[in-house]
Each structure stands twice: as structure tokens, then as C-alpha cells.
Amino acid sequence: MIHDPQRARLVKLVQELALTSVSNTGKFAADMRSIVLHHEAAPLVGHVCLDLLEESGFPPEEIDAVGGLTINSSMVGAAVLHAAASRGLELDAFALDQINGRHVGPRIDGRAVVVVMARCGSGQGALVTARLAEQAGAQVLAILSVIDEGAAARQLIESAGYQYLVVLEPKDFEDEAQG
């Protein structure tokens, strides 16, 4: 059972707005566009991500920027940026372009960044994103996924040397369905 009221509310919103399938193996899919564009869910994503970063030893004051590769991940970055601003913190967001290797937004070279993912399946996309950020000169502190879809992402990401942080995972949805 989730004891953090913001995370618990986010689980409910994902269930109501975005959850598209759940299997008995614990794997599920969520359409994150419905979350990162929702008036209540997007700010919750930002605040819950900031809280998780701080709880995991990454205080927002030590992070220069957050961002990702896909449009959904970029919107997660924007949600975190806005949550930080509402707390009086300065935190930039960025978007990466896989085609030409560039990024959009404030410079990230020489800066400490967290790669954010709206959802993470195999972990391959997260690694591509982290490597693109490093190629742009950033120091990747961690990879954070709003939803871990129950695949082998953690093992792949951590074996590549990155810390992997997850806001919600399949068991959170099982717990809420039973609770």
C-alpha cells in the first residue's frame, strides 16, 4: 500500500486516465500522454519526481536540469521544472533529438542532469537517452522513470552504471486495486 498521498493519487489518476492493460505477469501499459497533459496529474508527476530525487540523495539544488528523448519524457521534464519553480528552486529542462544528437533547451554540457522517462520497458531507451546526454557533455546523475512497466529495465540500467529511480511500478497498481 502506498502511504504517500501524492503518489497514491497519481496511481488513481493513471488507473483512471492512462492504464491500457494489465497482465497476470505484472506487466502493464499506460498511455502517458493522458497523464503529462492532465491539469492535476502533470503537477503531481513533477512534485512526486522531485520528492523521489531528494529521498534518493539527489536534492534539486544539486541537479541542473532534467530531460528526456521522447515528447512524453520532455513533458515529464517540464512538469519537474514547474514543480521546482513552485518551490522556489531553479531547475532547467531539456529535450534530446536522437536524429541529429542535439538537445533543445538550456545548455547541458558540463551540467549535472537526471534523465527522465515517462515510462520504461526494457531500459534500452533510457540508456540511449543517457548516452545522448553524455555525448552533449552532461554528467548523468540518474535515470528516473515515472512508470516502470515491469520489464528488466533496472538490471540493464544499473549494470550500465546508472542509478535507476522509479515513481510507480506494477505492484503499486495491484496494491491499490486490492486496497
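The first residue of the sequence shown is numbered 1, and numbering continues consecutively from there. What's counted below: heavy atoms across the whole structure, side chains too, no hydrogens, waters or symmetry copies. What you see is a predicted model; the values in this text were computed from it and never measured.
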Review point. Is Ser145 reaching over with its side chain to a backbone N or O of Val166, donor-acceptor style, under 3.5 angstrom?
Key: no
Check your understanding: Is a side-chain N or O of His103 found less than 3.5 angstrom from the main chain of Pro106, in a donor-acceptor match?
Key ->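 Flag set: sc His103 to bb Pro106 pair under 3.5 Å.
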In terms of hydrophobic clusters joined by side-chain contacts under 4.5 Å, are [X] and [Y] together?
X	Y	value
Met117	Val104	no
Leu168	Leu37	yes
Val116	Leu81	no

Donor-acceptor contacts, no H, no angles, side chain residues 127-134, under 3.5 Å, sequence neighbours left out:
| from | atom 1 | to | atom 2 | distance (Å) |
| --- | --- | --- | --- | --- |
| Thr129 | OG1 | Gly125 | O | 2.8 |
| Glu134 | OE1 | Tyr162 | OH | 2.9 |
| Glu134 | OE2 | Tyr162 | OH | 3.1 |

Which pair of heavy atoms, one from [X] and one from [Y], lies closest together, and at what distance?
X	Y	value
Tyr164	Arg154	O-NH1, 3.0 Å
Leu165	Ala142	CD1-CB, 4.2 Å
Arg9	Leu44	CG-CD1, 3.6 Å
Ser73	Ala118	OG-N, 3.3 Å
Glu62	Ala112	O-CB, 3.7 Å
Ala126	Ile157	CB-CD1, 3.8 Å

Spacing of [atom1] belonging to [X] relative to [atom2] belonging to [Y], to within rounding of 0.5 Å:
X	Y	atom1	atom2	answer
Ile35	Glu16	CD1	CD	9.0 Å
Gln139	Asp109	CD	CG	13.0 Å
Met32	Arg119	CE	CZ	8.5 Å
Leu10	Gln15	CG	CD	10.0 Å
Glu158	Ile143	CD	CD1	9.5 Å
Ser74	Leu69	OG	CG	7.5 Å

Do [X] and [Y] have side-chain heavy atoms sitting under 4.5 Å apart?
X	Y	result
Leu53	Leu144	yes
Gln163	Leu141	no
Ile147	Glu169	no
Glu61	Glu90	no
Leu50	Val80	yes
Leu91	Val66	yes
Val146	Val45	yes
Asp172	Arg7	yes

Practice item. Give a yes or no on whether a salt bridge exists between Arg87 and Asp51, defined as a side-chain N under 4.0 angstrom from a carboxylate O. Key: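 Salt bridge: yes.
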Review point. If you measure from the Lys or Arg side-chain nitrogens to the Asp or Glu carboxylate oxygens, is any gap between Arg107 and Asp92 under 4.0 Å?
Key: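 Looking at Arg107 and Asp92, the cut-off is not met.
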**Study point:** CD1 (Ile71) with more than 12 external heavy atoms under 6.0 Å
**Key:** no
